[in-house]
Amino acid sequence: MKKHIFLTGEIQVGKSTIIRRFLLQSGLSADGFMTYCESDNGGNRSMYLSAYSTSICSDEMHLVTRNAGSQIIMTEDMISIFDVKGCEILNNSGKRELVIMDELGVLESKSVFFQQAVMRHISGNVPILGVIKPKRTEFLDTIRAHTHVEVREVTVENRTEVFAWLSKQYGFAMSL
């Protein structure tokens, strides 16, 4: 087994759900980070960064908003959020059985310190379970090409099989 597993696939196919259910059923402890979205009544979706153990919306962790017309509005300090708050989260991660990285994508492209913190974990000893966008950037391609990383595509059709495969990789027999 490779040390780190990243799930990839189109939006809303169940990648994060697989990770949450896997952690719930396996009982493994995890730290790391997650990004999550919240919608308002006007059809706007805002994305936030958070430590994996919490999903508290706060303006200081607000990354980007997609308005009802699908226009993306990035916050002025998005890079700083990754490079300061994201690094803080990652620097305090790796003390449990798994590091969660849900998800890595294109927003981090200019966040050099955050990228370095991610790569330190990938070179480390604590297994990573994460999600990586199926986009092409130098950062994401470097992660995919790392010798300790295995990437598994998730689709609506194969997500049950991916969950079973993931469970087997960690020595569990579980079903989605």
Taking the side chain as every heavy atom from C-beta outward, state whether [X] and [Y] have any atom pair closer than 4.5 Å.
X	Y	result
R159	V156	yes
M101	M34	no
I128	L98	no
S167	F22	yes
V99	D31	yes
L107	M47	yes
T142	M119	yes
I100	L23	yes

Between [X] and [Y], does any side-chain donor sit less than 3.5 Å from a side-chain acceptor?
X	Y	result
N158	T155	yes
E97	S29	yes
T17	R20	yes

Give the minimum heavy-atom separation between [X] and [Y], together with the two atoms involved.
X	Y	result
N44	T65	CB-CG2, 4.1 Å
H121	S93	CE1-O, 3.4 Å
F33	I89	CB-CG2, 3.8 Å

Would a hydrophobic clustering, with Ile, Leu, Val, Met, Phe, Trp and Tyr connected at side-chain separations under 4.5 Å, put [X] with [Y]?
X	Y	result
V106	L49	no
M61	F113	no
M78	V118	yes
L90	V84	no
L104	V112	no

Between [atom1] on residue [X] and [atom2] on residue [Y], distance to nearest 0.5 Å:
X	Y	atom1	atom2	answer
F6	L129	CZ	CG	8.5 Å
I19	Y52	CD1	OH	6.5 Å
I79	D83	CD1	CG	7.5 Å

Working note: L63 + I81, criterion side chain to side chain contact (heavy atoms under 4.5 Å, CB included); need CA distance, chi angles, decisive distance, verdict.
CA-CA 7 Å; L63 298 168; I81 292 168; 3.6 Å; yes
Are the aromatic rings of Y36 and Y48 close, with centres under 6.0 Å apart?
yes
Please answer whether the main-chain N or O of G9 pairs with a side-chain N or O of K15 as donor and acceptor at a distance below 3.5 Å.
yes
Tell me whether H4 contacts the main-chain N or O of V149 through its side chain, where contact means a donor paired with an acceptor under 3.5 Å.
no
I'd like to check the side chain to side chain contact (heavy atoms under 4.5 Å, CB included) partners of R144; sequence neighbours left out, ordered by chain and number.
I132, R136, L140, D141, V151
Of all pairs that satisfy side chain to side chain donor-acceptor pair (under 3.5 Å), the ones with a partner from residues 102-119, not counting sequence neighbours
S16-D102, E103-K133
Give a yes or no on whether E161 atom CD has more than 12 heavy-atom contacts from other residues, nucleotides or ligands under 6.0 Å away.
yes
Check each of H148, R152, H146 against E150 using the side chain to side chain donor-acceptor pair (under 3.5 Å) test, and report the only one that passes.
R152
With sequence neighbours left out, the residues meeting ring pair (Phe, Tyr, Trp, His ring centres under 6.0 Å) with F82 are F114
